[in-house]
K.L.:
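Dumping the structure here so I can ask a few things about it.
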Number of protein chains: 2
Amino acid sequence: MTPPRRRLPPEERRRAILDAAAAFFAEEGLDAPTRDLARRAGVTQALLYRYFPSKAALLEAVFERVYLNRLDPAWLDALRDRAVPIEARVTAFYEAYTAAIFTPEWMRIFMWAGLAGEELNRRYLEHLGAAFLRPLAEELAAAPGLRAPEMEDVWNLHGSLVYLGIRRFIYRLPTPQDARRPIARAVARFLAGLRA
Amino acid sequence: MTPPRRRLPPEERRRAILDAAAAFFAEEGLDAPTRDLARRAGVTQALLYRYFPSKAALLEAVFERVYLNRLDPAWLDALRDRAVPIEARVTAFYEAYTAAIFTPEWMRIFMWAGLAGEELNRRYLEHLGAAFLRPLAEELAAAPGLRAPEMEDVWNLHGSLVYLGIRRFIYRLPTPQDARRPIARAVARFLAGLRA
DNA sequence: CCCGTTGGTTTTCGCTTGATCAACAAGCGC
DNA sequence: GCGCTTGTTGATCAAGCGAAAACCAACGGG
């Protein structure tokens with residue numbers, strides 16, 4: 001009946017707690033109680049405070065784990081490779097991007113953080129805009145036969161695809177399990193709109 | 001120094017509390033403390049429980065106030081009026097729809113509720129889909145020169161415009177203050193995509 | 001002008017929260 | 001197998017939570 005008291009190397013225990021914390025806070029929200037998290041991680045609540053000085057610090061570590069190094073710089077090179085048709089490039093970018101962010105942890109923690117007023121979202125989206133969406137807009141402008149889009153048009157395309165993840169992970173509505181078809185159709189329609 | 005104890009007719013007080021509650025829970029989240037709400041409403045915390053039996057009941061009343069009768073059946077008639085060009089009809093629908101939902105209360109409570117797992121979102125979006133978006137899809141299919149869209153295409157258009165509100169009210173990022181231009185461009189592009 | 005109805009406040013309860021700390025025991029070096 | 005380091009626990013605290021109960025006073029009818 002007494003739970004065996006297993007002793008783990010600190011590195012390993014820390015990672016186990018962070019894994020549990022990411023899934024837990026994604027599900028329950030950023031101010032879900034640390035006691036419930038501890039139960040889920042299979043440790044006592046007090047132990048969390050050996051690895052993290054405060055709940056805020058633990059959350060910061062979760063943010064880092066979920067959002068850092070999730071954007072692959074290689075996507076930018078592929079996006080800029082004008083040997084490849086523009087439609088294939090944009091499609092490939094959004095297939096890679098949605099594959100990276102369409103997880104409960106990414107989508108739900110992002111939304112919880114946004115509502116809570118964390119700066120995470122603004123910083124992240126400004127970076128995404130500058131590092132990927134503006135280059136994407138430039139490639140569209142440079143593509144033969146396309147009118148140059150405004151950044152707001154690109155955000156519109158972006159939102160149309162991210163919304164698929166919102167329906168799936170936030171509202172838990174049924175959505176196509178494979179995002180590739182919706183992506184292909186949305187990108188094709190977007191480009192057709194820039195040609196007309 | 002002592003706050004004047006003002007006596008209001010119950011109907012009026014109830015409405016004042018609901019007004020404050022909608023703004024308060026939109027800002028702070030559905031499990032923000034009732035004491036803070038009371039302070040904001042200018043009453044004591046205990047008084048809330050004279051007008052609502054529990055916090056859950058108060059939240060239910062807020063949902064009703066924010067989401068009930070917000071969708072105007074007249075939109076459907078306008079959407080189905082084939083004397084008007086399809087582009088004007090879709091544009092007008094989304095101008096009316098975004099005017100109805102682009103408020104902090106609507107957008108933020110909807111997102112808090114979705115994350116909290118409330119049934120509100122599923123019920124609302126299923127109703128919206130059946131009552132407005134499916135007819136919209138039918139009108140697109142019936143419009144001359146357009147390929148019939150899948151429902152998923154319509155949700156894509158829908159999301160591209162709702163995402164504008166998410167950026168503004170959830171992430172608090174700068175967005176065009178007037179939604180009409182983005183709507184016009186998104187709808188025009190969408191239709192062009194269905195023509196190609 | 002007084003009095004009863006009832007809107008409003010003060011006080012309190014039982015419970016949960018983030019965080020702390022002394023006590024305990026698992027595992028490695030010897 | 002011994003003992004020390006240190007990962008882990010149970011007990012505890014002050015603050016904050018939703019809710020209830022007792023008390024107070026504003027207003028209209030007589």
Side-chain angles (χ1 to χ4, degrees), chain A residues 1-63 109 112-113 115-118, chain B residues 1-63 109 112-113 115-118:
Chain A
M1 217 53 215
T2 46
R5 181 185 265 192
R6 279 189 50 217
R7 211 182 158 96
L8 260 59
E11 196 74 10
E12 208 169 319
R13 176 69 72 191
R14 190 187 148 91
R15 247 200 61 199
I17 291 178
L18 269 182
D19 284 351
F24 172 75
F25 287 123
E27 183 57 33
E28 308 286 337
L30 304 188
D31 41 40
T34 54
R35 277 169 179 80
D36 292 357
L37 164 59
R39 192 176 316 123
R40 177 150 171 168
V43 297
T44 54
Q45 185 239 6
L47 190 63
L48 303 178
Y49 288 85
R50 181 170 193 89
Y51 290 89
F52 303 93
S54 69
K55 186 182 176 180
L58 167 56
L59 276 171
E60 202 58 47
V62 168
F63 289 169
I109 292 179
W112 287 115
L115 284 166
E118 302 277 347
Chain B
M1 215 56 216
T2 46
R5 181 186 264 191
R6 280 189 50 219
R7 214 180 155 98
L8 259 61
E11 196 75 8
E12 207 169 319
R13 176 69 73 191
R14 190 189 149 92
R15 247 199 62 200
I17 291 178
L18 270 181
D19 284 350
F24 172 75
F25 287 123
E27 183 58 35
E28 308 285 338
L30 304 189
D31 40 43
T34 54
R35 276 169 178 81
D36 291 357
L37 164 59
R39 192 176 315 122
R40 177 150 171 170
V43 298
T44 54
Q45 184 243 4
L47 189 64
L48 303 178
Y49 288 85
R50 183 173 192 88
Y51 290 89
F52 303 93
S54 69
K55 186 181 176 182
L58 168 56
L59 276 171
E60 201 59 47
V62 168
F63 289 169
I109 292 180
W112 285 116
L115 284 166
E118 302 276 348

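Throughout, a chain's letter reflects where its sequence line sits, starting with A, and its residues are numbered from 1.
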K.L.:
For nucleotides 25-30 of chain C, read 5' to 3', which letter fits each nucleotide if B means a protein heavy atom sits under 4.0 Å from the base, S means only the sugar-phosphate is that close, and - means neither?
P.N.:
BBS---
K.L.:
What's the CG-C1' distance between B:L37 and D:dG18, to the nearest Å?
P.N.:
13 Å
K.L.:
Suppose we screen for salt bridge (charged side-chain N to carboxylate O under 4.0 Å, His left out). Which residues come up paired with B:E118, at least two apart in sequence or across chains?
P.N.:
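Here no residue qualifies.
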K.L.:
Please list, by residue number, the residues of residues 14-27 of chain B whose heavy atoms come closer than 4.0 Å to an atom of DNA chain C; answer none if no residue qualifies.
P.N.:
none
K.L.:
Could you note down all residue pairs passing side-chain hydrogen bond (donor to acceptor under 3.5 Å, both in side chains) where residues 7-20 of chain A supplies at least one of them, sequence neighbours left out?
P.N.:
A:D19-A:R65
K.L.:
Measure CZ/A:R50 against C1'/D:dT5 and give the value in whole Å, please.
P.N.:
10 Å
K.L.:
Measure the shortest side-chain to side-chain distance between B:D31 and A:D31 over non-hydrogen atoms and say whether it is less than 4.5 angstrom.
P.N.:
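They are in side-chain contact.
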K.L.:
Please enumerate all residues that pass side chain to side chain contact (heavy atoms under 4.5 Å, CB included) together with B:A57, with sequence neighbours excluded.
P.N.:
B:P53, B:S54
K.L.:
Can you measure B:L47 atom CG to D:dA19 atom P for me and round it to whole angstrom units?
P.N.:
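It is 15 Å, rounded to the nearest whole Å.
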K.L.:
Are side-chain heavy atoms of B:W112 and B:L59 found at a separation under 4.5 Å?
P.N.:
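Heavy-atom side-chain distance check fails, nothing below 4.5 Å.
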K.L.:
In whole angstroms, how far is the C1' atom of D:dC17 from the CD atom of B:E28?
P.N.:
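In whole Å, D:dC17 C1' lies 16 Å from B:E28 CD.
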K.L.:
According to a strict under-4.0 Å criterion, is B:Y51 in side-chain N/O contact with OP1 or OP2 of C:dG8?
P.N.:
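Yes.
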K.L.:
What pairs with B:E27 under salt bridge (charged side-chain N to carboxylate O under 4.0 Å, His left out), at least two apart in sequence or on another chain?
P.N.:
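Applying salt bridge (charged side-chain N to carboxylate O under 4.0 Å, His left out) to B:E27 gives B:R172.
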K.L.:
Treat primed atoms plus P, OP1 and OP2 as sugar-phosphate and everything else as base, then score nucleotides 14-22 of chain C 5' to 3': B for base contact with protein heavy atoms under 4.0 Å, S for sugar-phosphate contact only, - for none.
P.N.:
---BBBBB-
K.L.:
Got a list of side-chain donor-acceptor pairs under 3.5 Å for residues 41-52 of chain A, not counting sequence neighbours?
P.N.:
residue	atom	partner	partner atom	Å
A:Q45	NE2	A:T34	OG1	3.2

K.L.:
With sequence neighbours left out, what residues match B:R39 under salt bridge (charged side-chain N to carboxylate O under 4.0 Å, His left out)?
P.N.:
B:D36
K.L.:
For A:A22 versus A:I109, what's the shortest heavy-atom pair and its separation?
P.N.:
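What the structure gives for the nearest pair is O-CD1, 3.6 Å.
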K.L.:
Name the nucleic acid region contacted by A:R13, choosing base, sugar-phosphate or nothing; use a 4.0 angstrom heavy-atom cut-off, strictly under.
P.N.:
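Sugar-phosphate contact only.
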K.L.:
Please state how far atom CD in A:E12 lies from atom P in D:dT6, giving the value in whole angstrom units.
P.N.:
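These atoms are roughly 18 Å apart.
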K.L.:
A side-chain contact here means heavy atoms from C-beta on lying under 4.5 Å apart; do B:V62 and B:L30 qualify?
P.N.:
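A side-chain contact under 4.5 Å is absent here.
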K.L.:
Calculate, to the nearest 0.5 Å, the distance between atoms CZ and CZ belonging to B:F25 and B:R40 respectively.
P.N.:
10.5 Å
K.L.:
Over all strands shown, is B:P9 touching base, sugar-phosphate only, or nothing at heavy-atom distances under 4.0 angstrom?
P.N.:
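Nothing, no heavy atom under 4.0 Å.
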